[in-house]
Amino acid sequence: MPAPLNTFKQALAKGQRQIGCWMSFAEASAAEIMGTCGFDWLVIDGEHAPNGIRSIRDQLMALAASPSHPVVRVPVGETWMIKQVLDAGAQTVLVPIVESADQVRELVRACRYPPKGLRGVGATAARATMFGTVTEYIQTADQEVCLLVQVENRAGIDALDEILQVEGIDGVFIGPADLSTDMGHQGNSAHPDVRAVIADAISRIRAAGLAPGILGTTEEAVQAYADMGAQFLAVGIDVMVLARNARALAARWKAE
């Protein structure tokens with residue numbers, strides 16, 4: 001039995017738009033609820049949410065029966081972290097703060113088994129192989145891993161063309177909040193200068209034959225990024241969705 005088909009990776013390769021949402025609760029029950037909502041993909045955020053390998057594993061388990069594809073964002077692009085999330089069953093990994101082609105090459109190696117990579121061959125006892133029942137996992141896993149790199153500062157933008165030439169990545173995610181702050185606009189990702197850089201980056205990513213991705217947290221931003229050509233587009237964050245709707249509900253009935 002080979003590794004499971006990565007339908008998200010396939011969709012990106014075909015140029016299909018994928019609508020997703022961020023998950024920051026770091027709770028399996030919240031992930032299970034999000035998995036019923038109809039998103040194409042969901043991010044288990046290991047960078048800013050209070051996640052560890054066990055809570056990431058639990059959320060992967062909670063999404064196992066969902067049609068929404070889980071994307072795990074590791075806190076930083078360390079090989080040992082990538083090894084852990086892959087063995088826990090992740091097939092798509094998002095790495096933040098990518099600034100050079102050399103860094104990307106090492107990330108590609110972290111996602112692959114020898115002789116092309118550095119991934120440890122120990123998944124027989126891990127969830128990735130369903131504890132040894134996916135008998136051809138080692139032989140087939142590399143082709144089903146989807147690697148997304150996150151460009152979110154001026155250094156990354158400056159190196160973008162070189163990053164796009166590295167074989168083994170499936171998409172490039174633009175981080176608008178970090179990028180705008182690094183550009184001197186303190187999180188104002190709607191600033192015209194920031195929007196111009198984002199639009200140019202998305203255009204270059206698409207021209208290179210890769211999938212551009214981004215997160216928008218307002219309807220205006222999501223529409224703007226969609227119009228720019230973002231392919232895997234996150235349209236909200238679960239914590240913000242709850243907070244906004246709960247506050248609006250309280251305000252509506254307290255005003256009576």
Side-chain angles (χ1 to χ4, degrees), residues 6-22 39-45 47 68-74 77 91-101 103-105 107-108 111 145-183 185 187 189-237:
N6 189 330
T7 55
F8 179 74
K9 181 184 177 89
Q10 279 199 327
L12 294 188
K14 293 176 182 177
Q16 298 170 354
R17 175 163 284 167
Q18 299 290 286
I19 300 299
C21 193
W22 232 251
F39 292 105
D40 297 311
W41 58 291
L42 293 166
V43 172
I44 301 171
D45 187 9
E47 184 183 16
S68 301
H69 181 82
V71 175
V72 176
R73 179 163 74 169
V74 291
Q91 285 190 298
T92 301
V93 179
L94 173 62
V95 180
I97 319 174
V98 171
E99 299 179 332
S100 73
Q103 183 182 1
V104 174
R105 292 186 188 97
L107 295 173
V108 172
C111 290
V145 172
C146 178
L147 175 59
L148 309 172
V149 297
Q150 191 162 339
V151 170
E152 50 188 334
N153 58 25
R154 289 172 294 174
I157 293 294
D158 290 344
L160 181 58
D161 290 337
E162 293 179 358
I163 289 170
L164 293 172
Q165 294 175 22
V166 178
E167 183 180 352
I169 59 174
D170 299 275
V172 178
F173 186 92
I174 305 298
D178 286 82
L179 178 61
S180 59
T181 301
D182 193 46
M183 289 177 63
H185 300 295
S189 55
H191 191 282
D193 292 346
V194 180
R195 285 281 174 90
V197 170
I198 292 173
D200 177 66
I202 288 175
S203 177
R204 284 192 279 162
I205 296 163
R206 292 184 69 91
L210 295 173
I214 200 165
L215 163 67
T217 56
T218 67
E219 188 169 334
E220 184 276 332
V222 170
Q223 188 60 60
Y225 299 146
D227 292 343
M228 291 176 192
Q231 187 183 341
F232 60 107
L233 178 59
V235 297
I237 300 174

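Source: prediction; values computed, not measured. As a basis for the values below, the full set of heavy atoms in this structure was taken, side chains included, without hydrogen atoms, waters or symmetry mates.
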Evaluation steps, side-chain contact (heavy atoms from CB on, under 4.5 Å), between L215 and Y225
CA-CA 8 Å; L215 163 67; Y225 299 146; over 6 Å; no
Could you tell me the separation between the [atom1] atom of [X] and the [atom2] atom of [Y], rounded to the nearest 0.5 Å?
X: D182; Y: I97; atom1: CG; atom2: CD1; value: 10.5 Å
X: E162; Y: R105; atom1: CD; atom2: CZ; value: 8.0 Å
X: H191; Y: L179; atom1: NE2; atom2: CG; value: 12.0 Å
X: L233; Y: C21; atom1: CG; atom2: SG; value: 11.0 Å
X: D178; Y: M183; atom1: CG; atom2: CE; value: 13.0 Å

> According to the interplanar angle, ranging from 0 to 90°, do the rings of W41 and W22 count as parallel (below 30°), tilted (30 to 60°) or perpendicular (above 60°)?
Replying inline: perpendicular
| Salt bridge between R154 and D158, side-chain N to carboxylate O under 4.0 Å? | no
Give a yes or no answer on whether the side chain of [X] reaches the backbone of [Y] with a donor-acceptor pair at less than 3.5 Å.
X: R206; Y: G229; result: yes
X: K9; Y: T92; result: no
X: S203; Y: A199; result: no
X: E167; Y: V108; result: no
X: D170; Y: L148; result: no
X: S68; Y: F39; result: yes
X: D40; Y: I19; result: yes
X: T181; Y: G187; result: yes
X: Q231; Y: L12; result: yes
X: R17; Y: A226; result: yes

Over all atoms of both residues, closest heavy-atom pair of [X] and [Y]:
X: G175; Y: Q150; result: CA-NE2, 4.1 Å
X: V145; Y: C111; result: CG1-CB, 3.9 Å
X: R73; Y: P96; result: CG-CD, 4.1 Å
X: G156; Y: V151; result: C-CG1, 3.4 Å
X: F173; Y: L94; result: CB-CD1, 3.8 Å
X: A230; Y: I202; result: N-CG2, 4.0 Å

Side chains of P176 and I198: closer than 4.5 Å at any heavy-atom pair?
yes
**Request:** With the side chain counted from C-beta on, respond yes when V95 and L147 share a heavy-atom pair under 4.5 Å apart, and no when they do not.
**Result:**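 Yes, their side chains come closer than 4.5 Å.
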- Do you see a donor-acceptor pair shorter than 3.5 Å between the side chains of Q10 and N6? no
side-chain contact (heavy atoms from CB on, under 4.5 Å) between I169 and I163, intermediate numbers included: CA-CA 9 Å; I169 59 174; I163 289 170; 4.2 Å; yes
*asked:* Apply side-chain contact (heavy atoms from CB on, under 4.5 Å) to residues R204 and I157 and explain how you reach the verdict.
replied: CA-CA 11 Å; R204 284 192 279 162; I157 293 294; 3.9 Å; yes
*asked:* So for atom CD, which belongs to E220, do other residues, nucleotides or ligands contribute more than 12 heavy atoms lying within a distance under 6.0 Å?
replied: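 Counting other residues, nucleotides and ligands, CD of E220 exceeds 12 neighbours.
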Candidate pair H69 and Q18, rule side-chain contact (heavy atoms from CB on, under 4.5 Å), full reasoning:
CA-CA 10 Å; H69 181 82; Q18 299 290 286; over 6 Å; no
